[in-house]
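Worksheet: one structure, shown below.
Start at 1 and go down the list; that is how both ligands and their atoms are numbered. This structure is a prediction, so every number in the text was calculated from the model and none was measured.
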Amino acid sequence: MARKYRIAVIGGDGTGPEVVREGLKVLRVAAEGCGFAYETTDFDYGGQRYLASGGDPEKPTVPVITDEEVRALKAYDAIYLGAVGHPKVAPGILEKGLLLKLRFDLDQYINLRPVKLYPGVECPLADKGPEDIDFLIVRENTEGLYSGMGGVQYKGTPHEVATQIMCNTRRGVERCIRYAFEACKRRRDKGLLTLVAKTNVLTYAHDLWRRAFMEVGEEYPDITKDYNHVDACCMWMVKNPEYYDTIVTCNMFGDIITDLGAMIQGGMGIAAGGNINPEGVSMFEPIGGSAPKYTGQNKINPLAAIGALAMLVRELGEEEAADRIEAAIAYVTATKLGSLAAGKMGCTTSEVGDLVAEAVAKGLKP
Ligand code: IPM
Ligand code: MN
């Protein structure tokens with residue numbers, strides 16, 4: 001029977017809809033070439049809709065997305081997200097009300113972020129090439145400093161107290177670590193999994209991570225269990241990125257080191273990620289933001305969104321399509337683009353989408 005998937009599309013704000021359009025262009029060609037079918041449903045969740053429905057930080061009764069809307073997304077096989085962030089909406093509202101709400105309520109407990117330097121892409125690190133920069137970061141995605149626990153007292157007075165709790169559960173940490181061991185095994189790279197944490201300071205929270213890592217690690221005798229403090233990891237990512245195979249880390253550290261990762265792979269124009277619930281519905285997005293200044297100009301780089309699309313089809317089990325899209329991205333970066341930066345690519349957003357779609361159709365590789 002023909003494989004058919006239902007994909008929820010949330011273009012979101014700013015340049016989100018533009019880059020998602022290019023991803024969907026590539027999906028059409030990949031599906032034809034690889035023999036699967038799909039249907040997409042658009043959702044207008046984002047800053048625009050929030051403002052139109054009277055959203056205002058002073059009126060928390062207007063939700064960015066409702067529980068029912070989140071529940072309805074569970075009926076899809078995957079979610080494809082463009083960007084979250086609107087210049088007229090106060091920071092934190094859309095992030096918490098949409099992006100983090102989706103990650104939490106859909107229990108997307110893994111944030112998978114490959115750091116891969118494609119051929120032809122300018123790297124800010126001297127003397128490093130695609131063979132040096134190719135590793136995977138597995139970021140925990142539902143706990144840690146993102147749990148939303150904490151509070152404030154005596155606000156606005158000299159006695160103000162503010163706490164933000166780094167919440168780690170054994171179950172949450174363990175399932176993330178187990179996923180990372182499996183991901184490391186699947187990569188068939190060096191068989192090296194590095195736990196990135198701060199056990200010398202976070203002596204409770206990251207001691208839990210360390211023990212869970214060592215205990216789960218006993219189930220994986222073929223994988224080398226490695227440890228880096230997060231500050232040292234930042235240093236190595238710049239000095240010796242070729243050292244890494246797979247990294248597993250907590251939510252906050254993962255947020256930070258994946259931006260560093262994005263820079264060494266050529267910038268936000270190419271960095272893709274997946275919010276994964278291996279037992280439920282996962283959501284794929286370019287890591288960069290909504291880039292308000294480029295909105296509607298056909299200048300933004302859609303490759304990160306196209307890379308996210310490749311991750312989406314891989315999660316659906318369409319390995320051949322995913323491989324073809326990734327090869328097509330590599331073909332385009334190696335042969336067609338000047339730079340990956342918005343406005344400097346030497347092509348428009350839609351032209352980049354056309355180039356990748358054509359390369360997918362023809363099965364081109366660099
Ligand atoms: C990311 C973003 C988000 C995060 C923000 C927008 C809440 O920076 O996806 O990395 O911190 O996770
Ligand atoms: Mn981030």
N/O/S atom name from D255 that is nearest to the position of the Mn ion (ligand 2): OD1
S290 side chain to G14 backbone, donor-acceptor under 3.5 Å: no
Nearest heavy-atom neighbours spanning L195 and R210: CD2-CA, 3.9 Å
Per-atom contacts of ligand 1 with R103, taking only distances under 4.0 Å to non-hydrogen atoms: 1 (C), 4 (C), 9 (O), 12 (O)
Min N/O separation E285 to ligand 1 under 3.5 Å: no
N277 and D107 side chains, donor-acceptor separation under 3.5 Å: no
Protein contact to atom 11 (O) of ligand 1 [nearest heavy atom, distance to 0.1 Å]: Y146 OH, 2.5 Å
Heavy-atom pair of closest approach, residues P286 and V19: CG-CG2, 4.4 Å
Ligand 1 atoms in contact with E95 (distance to a heavy atom under 4.0 Å): 6 (C), 7 (C)
Closest protein heavy atom to atom 8 (O) of ligand 1, given as residue, atom name and distance to 0.1 Å: D255 OD1, 3.3 Å
Polar side chain donor-acceptor pair, E182 to Y220, under 3.5 angstrom: yes
R113 and ligand 1 - part of the residue with a heavy-atom distance under 4.0 Å: side chain
Atoms of ligand 1, numbered as shown, that sit under 4.0 Å from any heavy atom of R139: 1 (C), 4 (C), 10 (O), 11 (O), 12 (O)
E358 and Y331 side chains, donor-acceptor separation under 3.5 Å: no
